[in-house]
Amino acid sequence: EVQLVESGGALVQAGGSLRLSCAASGVTLDDYAIGWFRQAPGKEREGVSCFRGTDGSSHYADSVKGRFTISTDNVKNTVYLLMNSLKPEDTAVYYCAAALDGLVPRGVGAPADYDYWGQGTQVTVSL
């Protein structure tokens, strides 16, 4: 059974940093794409970043490039999202998701490309 558990969300001031964690079980990171998505109230869920296990590549949405970094710890089977220079518009519920790497098109992919989802963690960025 695949389980994804996010943690690390918090209230932070603009310009601050947070590190989100996605603890994965039932998946082998080498075979999967692990994506981070976010959804703000009244908006569609959007892709933020993705780590491709088959080639170790990382992908980012234009809105977060240069500010967010995705990384993995294969021993802990955990994927992290380090978020720097946070802006109020980064406020959202952040979700991690998993899919076999070959099933996700280039880049971060779309929510429909992913099969497994965590419960989400709230990130709130205040002025």
Side-chain angles (χ1 to χ4, degrees):
E1 181 186 4
V2 176
Q3 284 193 326
L4 304 171
V5 180
E6 303 97 332
S7 61
L11 170 64
V12 64
Q13 286 190 324
S17 299
L18 279 177
R19 189 181 76 162
L20 305 183
S21 300
C22 174
S25 58
V27 301
T28 302
L29 293 183
D30 287 348
D31 298 329
Y32 277 75
I34 305 294
W36 283 99
F37 290 78
R38 66 186 181 187
Q39 189 165 20
K43 294 188 177 181
E44 292 187 355
R45 192 167 296 191
E46 63 170 346
V48 174
S49 181
C50 171
F51 174 80
R52 301 298 190 107
T54 54
D55 65 6
S57 62
S58 301
H59 306 269
Y60 300 94
D62 288 344
S63 59
V64 306
K65 276 182 184 175
R67 300 189 297 125
F68 290 11
T69 303
I70 194 169
S71 63
T72 64
D73 182 330
N74 281 28
V75 174
K76 296 182 178 180
N77 223 44
T78 298
V79 179
Y80 302 100
L81 185 68
L82 176 62
M83 307 185 295
N84 294 323
S85 302
L86 283 163
K87 305 174 181 180
E89 51 262 45
D90 295 318
T91 295
V93 178
Y94 282 71
Y95 300 89
C96 68
L100 284 171
D101 199 348
L103 300 180
V104 180
R106 292 185 303 170
V108 179
D113 297 323
Y114 290 80
D115 299 309
Y116 307 101
W117 291 84
Q119 82 287 351
T121 186
Q122 176 71 46
V123 172
T124 304
V125 184
S126 65
L127 287 170

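What you see is a predicted model, and the numbers here were worked out from it, not measured in a lab.
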Asker: What pair of heavy atoms forms the shortest contact from A40 to A92, and how long is it?
Answerer: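 Heavy-atom minimum between the residues: N-CB, 3.8 Å.
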
Asker: Which atom pairs, donor and acceptor, lie under 3.5 Å between side-chain atoms of residues 16-28 and protein residues at least two apart or in another chain?
Answerer:
{"unit_1": "S17", "atom_1": "OG", "unit_2": "N84", "atom_2": "OD1", "d": "2.8"}

Asker: How would you list all residue pairs meeting disulfide (SG to SG under 2.5 Å) that involve residues 98-127, not counting sequence neighbours?
Answerer: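 Those involving residues 98-127 do not exist here.
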
Asker: Can you run down the ring-ring contact (aromatic ring centres under 6.0 Å, His included) pairs that involve residues 71-96, sequence neighbours left out, and say none if there aren't any?
Answerer: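 For residues 71-96: none.
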
Asker: Where is the tightest heavy-atom contact between V104 and A33, given as atom of each residue plus distance?
Answerer: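 So the minimum-distance heavy-atom pair works out to CG2-CB, 3.9 Å.
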
Asker: Do NZ/NE/NH1/NH2 and the carboxylate oxygens of K87 and D90 come within less than 4.0 Å?
Answerer: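 A salt bridge is absent here (no side-chain N lies under 4.0 Å from a carboxylate O).
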
Asker: Determine the minimum heavy-atom distance between T121 and G8, stating which atoms define it.
Answerer: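 That would be OG1-N, 4.1 Å.
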
Asker: So, using ring pair (Phe, Tyr, Trp, His ring centres under 6.0 Å) as the criterion, who are the partners of F37 when residues are at least two apart?
Answerer: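 With neighbours one apart ignored, the set is Y114, W117.
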
Asker: Using the salt bridge (charged side-chain N to carboxylate O under 4.0 Å, His left out) rule, collect all pairs that involve residues 48-60, keeping only residues at least two apart or in two chains.
Answerer: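 Counting only pairs at least two positions apart or across chains, the salt bridge (charged side-chain N to carboxylate O under 4.0 Å, His left out) contacts touching residues 48-60 are R52-D101.
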
Asker: Among residues two or more places apart or on two chains, list those pairs meeting disulfide (SG to SG under 2.5 Å) that have a residue in residues 54-93.
Answerer: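 Applying disulfide (SG to SG under 2.5 Å) to every pair that reaches into residues 54-93, excluding sequence neighbours, yields nothing.
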
Asker: How would you list all residue pairs meeting salt bridge (charged side-chain N to carboxylate O under 4.0 Å, His left out) that involve residues 116-127, not counting sequence neighbours?
Answerer: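 Non-adjacent pairs meeting salt bridge (charged side-chain N to carboxylate O under 4.0 Å, His left out): zero.
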
Asker: Tell me which pairs pass disulfide (SG to SG under 2.5 Å) where either residue lies in residues 98-127, with sequence neighbours left out.
Answerer: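 Counting only pairs at least two positions apart or across chains, no disulfide (SG to SG under 2.5 Å) contact touches residues 98-127.
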
Asker: Determine, using the 4.5 Å side-chain heavy-atom cutoff (strictly less than), whether V2 and L100 are members of one ILVMFWY cluster.
Answerer: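 Yes.
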
Asker: Who passes salt bridge (charged side-chain N to carboxylate O under 4.0 Å, His left out) against K43, sequence neighbours left out?
Answerer: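 Listed in chain order: nothing, the list is empty.
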
Asker: For the OH atom of Y32 and the OG1 atom of T72, what is their distance to the nearest 0.5 Å?
Answerer: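 So the gap between those two atoms works out to 16.0 Å.
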
Asker: Suppose we screen for side chain to side chain contact (heavy atoms under 4.5 Å, CB included). Which residues come up paired with E46, at least two apart in sequence or across chains?
Answerer: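 Applying side chain to side chain contact (heavy atoms under 4.5 Å, CB included) to E46 gives R38.
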
Asker: Can you confirm whether S71 sits close enough to L82 that some side-chain heavy atom of one is under 4.5 Å from a side-chain heavy atom of the other?
Answerer: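 The answer is no, as the side chains (C-beta and beyond) never meet within the 4.5 Å cut-off.
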
Asker: Would one find more than 12 heavy atoms of other residues, nucleotides or ligands at under 6.0 Å from atom CD of E44?
Answerer: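 It does not: E44 CD has 12 such atoms or fewer within range.
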
Asker: How long is the gap from CG on L11 to CD on Q122, to the nearest 0.5 Å?
Answerer: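 One gets 9.5 Å once the value is rounded to the nearest 0.5 Å.
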
Asker: Can you list every disulfide (SG to SG under 2.5 Å) pair that touches residues 35-81, not counting sequence neighbours?
Answerer: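 Applying disulfide (SG to SG under 2.5 Å) to every pair that reaches into residues 35-81, excluding sequence neighbours, yields nothing.
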
Asker: Hey, could you give me the CG/OG distance between L86 and S126, rounded to the nearest 0.5 Å?
Answerer: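 Nearest 0.5 Å value for the CG-OG distance: 10.5 Å.
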
Asker: Minimum heavy-atom separation for D113 to P105, with atom names?
Answerer: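 Result for this residue pair: OD2-CD, 3.3 Å.
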
Asker: Sort and list the pairs that fulfil ring-ring contact (aromatic ring centres under 6.0 Å, His included) and have at least one residue in residues 38-64, not counting sequence neighbours.
Answerer: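 Listed by first then second residue: nothing to list.
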
Asker: Under 3.5 Å, side chain of E6 to main-chain N/O of C96, donor-acceptor pair present?
Answerer: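 It does hold such a pair.
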
Asker: Side-chain contact, heavy-atom cut-off 4.5 Å: I70 with V79?
Answerer: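 Yes - at least one pair of side-chain heavy atoms lies under 4.5 Å apart.
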
Asker: How long is the gap from OG1 on T54 to CG on L29, to the nearest 0.5 Å?
Answerer: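 The distance works out to 12.0 Å.
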
Asker: Cluster question for you: counting only ILVMFWY and a side-chain heavy-atom cut-off of under 4.5 Å, with indirect links fine, are V64 and L81 together?
Answerer: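 V64 clusters together with L81.
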
